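Everything numeric here is computed off the predicted structure, so don't read it as measured data. Both counts, for ligands and for their atoms, begin at 1 and track the order of listing.
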Amino acid sequence: MPSTQGNHGGDDPPREPGGEPVSRRIAIRGDLLDLLDDPGFDVVDSPEVRFDADHWLLVEDGRIAGRQSHAPDPSWTRLDHSGRLVMPGFIDTHVHSPQLDVIASYGTELLDWLNTYTFPAESRYAIAAAARYGAQLFVECLLEHGTTSAVVFPTVHKASVDALFEVALDRNMRLITGKVLMDRHAPPELRDDVEGAERECVELIERWHGRGRLAYAVTPRFAPTSSDAQLAMAGGLLSVAPDLYMQTHVAENRDEVRWVAELFPDALSYLDVYRRFGLLGPRAVLAHGVWLDGDDRALLAECGAQIAHSPTSNLFLGSGLLDWRRLEAAGARVSIATDVGGGTSLSMLRTLAEAYKVQALQGSRLTAWKALYTATRGAARALGLEHEIGSLDIGSTADIAVWNYAASPLARHRDALARSLHERLFAFMTLGDERNLESVLVAGTPHVRAASG
Ligand code: GUN
Ligand code: ZN
């Protein structure tokens with residue numbers, strides 16, 4: 001099985017979606033911003049901020065090749081975004097592609113929400129054409145929100161995984177996904193079985209893992225919807241191919257946590273269920289983690305798994321407030337995710353703004369630097385992909401988003417009054433969304449935006 005290590009993608013020249021090569025050498029002018037390391041909570045004047053106002057970012061053969069204050073020679077195609085913010089594309093570490101259909105659904109907490117809205121919507125992906133349409137729409141939407149990489153839940157249907165990988169491969173995107181595993185406590189049309197699921201996983205891994213910029217994630221939905229035998233099968237897949245990812249949900253909602261305790265009476269905790277089946281490691285991405293205890297935090301730190309903090313979802317479904325600081329103090333990694341459709345926006349800016357409020361409610365302050373770090377280099381680092389995504393480092397793949405600092409009269413008014421760079425970026429993060437996005441490049445290829453309307 002090919003390894004994802006060292007696979008930067010972008011070995012081919014940048015392509016327009018239609019296949020036509022674009023210039024091998026692109027120079028993007030703007031205010032270049034990325035984070036060199038975790039700036040920590042509360043530090044407003046951080047040395048980890050790399051900000052070069054009005055510079056040119058050089059992109060050659062899909063990778064970042066340099067930066068300079070003067071205009072490059074005419075061999076470079078110039079994209080002049082002066083006065084705009086040039087950042088690494090965002091990385092959404094937990095999002096459900098079929099749930100664009102149920103975003104903003106009224107009136108339920110997690111377990112009712114799954115049964116009332118989510119499972120019926122996911123059932124529609126049994127039709128391969130629906131899965132293909134959904135995958136295309138989903139990837140377009142990600143890019144239109146400035147998100148260039150994602151860790152994605154499709155559905156239990158193999159065709160939904162093929163569709164997502166195909167669309168991402170066509171765009172040369174860094175995407176991590178895998179077939180959802182569910183053999184119990186789900187409607188019959190969404191249930192698989194251990195042997196069939198294992199066969200499909202192996203086929204999908206062989207077809208997609210390590211191809212282009214794609215990687216496979218073994219994807220048990222959450223402990224309640226997989227039997228012991230299925231969780232053991234998932235652990236078995238990971239044990240023979242440690243460069244696979246694992247994604248699931250953990251300790252999101254109090255009723256869910258109680259249910260898991262009933263279903264797995266021998267486990268020490270919800271998280272411990274996953275440990276027992278060999279599912280935890282540095283490539284494990286666990287969404288939510290709101291209701292973890294000290295032992296769980298220590299276990300996360302020990303195994304290197306990350307919590308994909310999903311603030312808009314945790315607020316919308318009334319799940320709870322993540323104690324991010326406490327997790328990190330224990331040595332656990334935290335990335336940030338939209339979790340659409342429990343989450344209410346694909347915009348990582350809106351998600352960061354809600355993350356700030358969730359921490360504020362607990363007496364903690366999330367700086368713009370910490371927030372932007374977490375959505376870029378921090379996520380890349382947690383996924384073992386820092387060499388490829390999440391920064392404007394030379395040699396990184398040129399996944400880049402260009403943002404307008406302010407996209408409304410009120411935001412422009414506020415922006416003009418900002419007295420420091422942090423104040424400006426904090427207002428951008430708090431007031432901004434996809435309407436601020438001016439341009440996005442994937443592996444150096446400008447994304448041609450779909451006609452609006
Ligand atoms: N837990 C199990 N499945 C899901 C899902 O689709 N969304 C959320 N938010 N939590 C889950
Ligand atoms: Zn989720």
Side-chain angles (χ1 to χ4, degrees), residues 92-105 107-125 134 138 142 147 150-157 160 164 176-187 190-192 217-226 230-231 234 245-260 263-264 270-271 273-274 279 284-292 306-322 335-346 348 351 354 358:
D92 185 346
T93 57
H94 178 76
V95 57
H96 299 252
S97 53
Q99 293 182 15
L100 297 187
D101 293 10
V102 297
I103 190 170
S105 291
T108 50
E109 286 202 0
L110 174 65
L111 299 176
D112 282 347
W113 175 81
L114 286 171
N115 289 316
T116 310
Y117 300 113
T118 308
F119 289 154
E122 294 190 11
S123 299
R124 297 200 280 272
Y125 276 40
F138 174 74
L142 279 186
T147 297
V151 184
V152 188
F153 266 64
T155 66
V156 73
H157 311 100
S160 76
L164 210 45
I176 300 169
T177 190
K179 180 197 131 55
V180 176
L181 300 169
M182 281 203 278
D183 68 350
R184 63 172 181 169
H185 299 137
L190 281 180
R191 265 185 250 149
D192 53 16
V218 176
T219 307
R221 181 176 208 116
F222 66 155
T225 44
S226 286
Q230 189 170 62
L231 293 172
Y245 289 89
M246 195 289 293
Q247 58 174 343
T248 190
H249 299 85
V250 73
E252 172 178 1
N253 164 290
R254 276 177 287 195
D255 290 338
E256 172 211 21
V257 173
R258 273 191 285 273
W259 191 24
V260 171
L263 292 171
F264 299 90
Y270 191 159
L271 185 68
V273 173
Y274 297 137
L279 298 173
V285 183
L286 300 127
H288 306 288
V290 174
W291 303 104
L292 299 175
Q306 67 184 281
I307 292 296
H309 174 31
S310 308
T312 74
S313 173
N314 293 340
L315 294 171
F316 184 72
L317 295 177
S319 301
L321 306 177
L322 182 84
S335 58
I336 193 137
T338 63
D339 190 32
V340 162
T344 49
S345 173
L346 280 180
M348 290 296 281
T351 305
E354 296 309 288
V358 167

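- Under the 30°/60° scheme for interplanar angles, the aromatic rings of Tyr270 and Tyr274 are found to be tilted.
- Distance check: Ile103 CD1 to Thr344 OG1 gives 6.5 Å after rounding to the nearest 0.5 Å.
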- Message: Working note: Arg184 + Leu263, criterion side-chain contact (heavy atoms from CB on, under 4.5 Å); need CA distance, chi angles, decisive distance, verdict.
- Response: CA-CA 12 Å; Arg184 63 172 181 169; Leu263 292 171; 4.1 Å; yes
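- Inclusion of His249 in the first shell of the Zn ion (ligand 2) is supported: an N, O or S atom falls under 2.8 Å.
- Checking only distances, Asp339 does come within under 3.5 Å of ligand 1, N or O to N or O.
- His94 contributes atom NE2 as its closest N/O/S atom to the Zn ion (ligand 2).
- Separating the CG atom in Leu286 from the CZ atom in Phe222 is a distance of 14.0 Å, to the nearest 0.5 Å.
- Here the heavy atom of the protein found nearest to atom 10 (N) of ligand 1 is Glu252 OE1, 2.7 Å.
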- Message: Go through it in stages, so that I can follow the logic: the residues are Gln230 and Asp192, the test is side-chain hydrogen bond (donor to acceptor under 3.5 Å, both in side chains), and I'd like the CA-CA distance, side-chain angles, deciding distance and then a yes or no.
- Response: CA-CA 10 Å; Gln230 189 170 62; Asp192 53 16; 2.9 Å; yes
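- Using a 4.0 angstrom heavy-atom cutoff, Glu256 does not count as in contact with ligand 1.
- The heavy atom nearest to atom 4 (C) of ligand 1, out of those in His94, Gln99, His249, is found in His249.
- Within Asp339, OD1 is the N, O or S atom that lies nearest to the Zn ion (ligand 2).
- Of the heavy atoms in Thr225, none comes closer than 4.0 Å to ligand 1.
- Ligand 1 is approached by Trp113 to a heavy-atom distance shorter than 4.0 Å.
- Ligand 1 has a nitrogen or oxygen under 3.5 angstrom from a nitrogen or oxygen of Arg221.
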- Query: Given Asn253 and His288, is the side-chain hydrogen bond (donor to acceptor under 3.5 Å, both in side chains) satisfied, shown in steps?
  - Reply: CA-CA 9 Å; Asn253 164 290; His288 306 288; over 6 Å; no
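- A distance of 8.5 Å separates CG of Asp92 from CG of Asp339, quoted to the nearest 0.5 Å.
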